[in-house]
Number of protein chains: 2
Amino acid sequence: MQQESARRSNRERTEETREKLIAAARRLFIEKSYAETGTPEIVRSAGLTRGALYHHFADKQALLQAVVEREAEQVAKEIEQGSDDAASPVRALIDGGRAYLAAMTEPGRTRLLLLDGPAVLGRARMDEIDSRHGNRTLREGLAAAMRAGAIRRLPLDPLTGLLGAAFDRAALTIEAGADADACHRALAGLIEGLSAGKTGGAD
Amino acid sequence: MQQESARRSNRERTEETREKLIAAARRLFIEKSYAETGTPEIVRSAGLTRGALYHHFADKQALLQAVVEREAEQVAKEIEQGSDDAASPVRALIDGGRAYLAAMTEPGRTRLLLLDGPAVLGRARMDEIDSRHGNRTLREGLAAAMRAGAIRRLPLDPLTGLLGAAFDRAALTIEAGADADACHRALAGLIEGLSAGKTGGAD
DNA sequence: CGATTAACATACAGGCTGCATGCATGCAAC
DNA sequence: GTTGCATGCATGCAGCCTGTATGTTAATCG
């Protein structure tokens, strides 16, 4: 009766089910929000039951974490594809930022990665995910620019976090309907300031 | 029997009850989180019942909004008290930032204003609250500095948002145990960069 | 081919939210 | 001042959700 569906191994079956759950959860978490989406709705949308969900994920939070992790990975991939070569380290940073903002245009990413993720999983877990995917390229870019003497030397990790937060906010603001070009200019100004600001470095 | 409690007018009674609910909710939202705190626990902690809560607030979100609003107001007040006079516009910005970070040291404020608030109330409502209390001073400071020619001219509103986000992230990072001084330096570097970076201002 | 384990569905317990109902007290008008 | 209404608040209820325990089918392995 179930020829094509029963022919898959346990391994494939697991992968497929997890995939369906993550996809359905992603869809609903984006459309509504994590809090306003119930597990019954998720599994209904995935064509499964809550039994499958709680078999593969410890709880609802773990499902969100899987969704977030995958999304962060995807964003990192798009950024790396977008910014390969750059004239100068500073230009590389600005280009990377632009690629990040472009990636965050994908609907729902801001909600997943910047709102629900931090609130539900906590900033610690989000930082850990971020450092593996999102902020990694930014951090490397800043380190390279510092080594090259293109920007003033500042504490690397805090600066990475601060700039990353500025990028995040820019993504949110743009999605909220603000002037994207103005945001890009402000962001570029912030970065360029790092390169020129060697005057006040007497700390 | 209830002499001192029955002697208050309806007006006072309302104020007092709302106050108790907000205080209890604040305490628990900070200790745990918004999501993990139930209304039964809140009213128990306040010595009331859920009837009182839902009489004064439309729903649990409205209670959080009241808590957040009050907290943002308090932060703004502390900042204004902390930074009165400043030598230069740029120094005023840095001092203001330092005052903000100091205010955000108060336990739980980061969770209320930077995590649960945006996630539950949505960024639109939070932006509205922020623009009335928190970011207002920052925005005015940036505008003044631009008028004085102390920093390069960039789109004001986006820049305010971006810098505000950097401040927020600094507060979170510091609370997470990072080196506070390094965060302060990175933040100051970001701001000072705006003042020196007149090279790329060909806009 | 029998036994074990994994994948999944179903049923259940506890808790929570929001509302509707009910009571008691403050308040205003006559 | 007492009559009537509105306000402040407590209690009870309906519906939903989460997490878990139990049962069933299908795959894997000796």
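Chain A is the first sequence line, chain B the second, and so forth, proteins listed ahead of strands; every chain is numbered from 1. Values reported hereafter were calculated over all heavy atoms of this structure, with side chains retained and with hydrogens, waters and symmetry mates removed.
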S.K.: Quick one: B:L63 CG to C:dC16 P, roughly how many Å, whole number?
M.R.: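 Computing the B:L63:CG to C:dC16:P distance gives 15 Å.
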S.K.: Are B:S45 and B:R27 linked by a side-chain donor-acceptor pair shorter than 3.5 Å?
M.R.: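 Yes, B:R27 and B:S45 have a side-chain donor paired with an acceptor closer than 3.5 Å.
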S.K.: C:dT17, C:dG18, D:dT20: which one has an atom nearest the side-chain heavy atoms of B:D59?
M.R.: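 In terms of side-chain proximity for B:D59, the closest of C:dT17, C:dG18, D:dT20 is C:dG18.
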S.K.: I need the CZ-C1' distance between B:R18 and D:dT7, as an integer number of Å.
M.R.: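 About 15 Å, once rounded to whole Å.
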S.K.: In whole angstroms, how far is the P atom of D:dG19 from the CD1 atom of A:I42?
M.R.: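 These atoms are roughly 11 Å apart.
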S.K.: May I ask you to verify if any side-chain N or O of B:T39 is less than 4.0 angstrom from the OP1 or OP2 atom of C:dT17?
M.R.: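 It does, given that an N or O in the side chain of B:T39 lies less than 4.0 Å from OP1 or OP2 of C:dT17.
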S.K.: If you take atom types as modelled and just measure distance, does the side chain of B:R13 reach the base of C:dG26 with a donor-acceptor pair under 3.5 Å?
M.R.: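 By the distance-only test, no, there is no pair.
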S.K.: Among B:L194, B:L93, B:D168, find the residue that satisfies the side-chain contact (heavy atoms from CB on, under 4.5 Å) test when tested with B:L163.
M.R.: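 That would be B:L194; it is the only one of B:L194, B:L93, B:D168 passing the side-chain contact (heavy atoms from CB on, under 4.5 Å) with B:L163.
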S.K.: Give the rounded distance in Å between these two atoms: CG of B:L28 and P of C:dC16.
M.R.: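 So the two atoms are 12 Å apart, to the nearest Å.
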S.K.: How long is the line joining CZ of B:F57 and C1' of D:dC9, in whole Å?
M.R.: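 My rounded result for the distance is 14 Å.
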S.K.: Is any side-chain nitrogen or oxygen of A:H56 closer than 4.0 Å to OP1 or OP2 of C:dA7?
M.R.: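 Answer is no, no contact under 4.0 Å.
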S.K.: Quick one: is D:dG8 close enough that its OP1 or OP2 comes under 4.0 Å of any side-chain N or O from B:T14?
M.R.: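 Indeed, a polar side-chain atom of B:T14 lies that close.
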S.K.: Could you state the atom-to-atom distance from CG of B:L48 to C1' of D:dT7 in whole Å?
M.R.: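 Distance check: B:L48 CG to D:dT7 C1' gives 16 Å.
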S.K.: Among the candidates D:dA10, D:dG12, D:dT18, find the nucleotide nearest to the side-chain atoms of B:R50.
M.R.: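 Closest of the options to the side chain of B:R50: D:dG12.
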S.K.: Quick one: do B:L64 and B:K60 satisfy side-chain contact (heavy atoms from CB on, under 4.5 Å)? Show the steps, please.
M.R.: CA-CA 6 Å; B:L64 174 65; B:K60 201 180 150 195; over 6 Å; no
S.K.: With no hydrogens and no angle check, just 3.5 Å: does a side-chain donor-acceptor pair link B:Y54 and B:D59?
M.R.: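 Absent: no donor and acceptor within the cut-off.
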S.K.: Do A:E80 and A:R136 meet the salt-bridge criterion of a basic N to acidic O distance under 4.0 Å?
M.R.: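 Yes, A:R136 and A:E80 are salt-bridged.
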S.K.: For the pair made of CD in A:E15 and C1' in C:dA6, what is the distance, rounded to whole Å?
M.R.: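 Taking CD of A:E15 and C1' of C:dA6, I get 16 Å after rounding.
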S.K.: Between A:H55 and C:dC8, does any side-chain N or O lie under 4.0 Å from OP1 or OP2?
M.R.: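 Negative; the distance criterion is not met.
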S.K.: Could you check how far CD of A:E12 sits from C1' of D:dT28, rounded to whole Å?
M.R.: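 Going from CD in A:E12 over to C1' in D:dT28 covers 14 Å.
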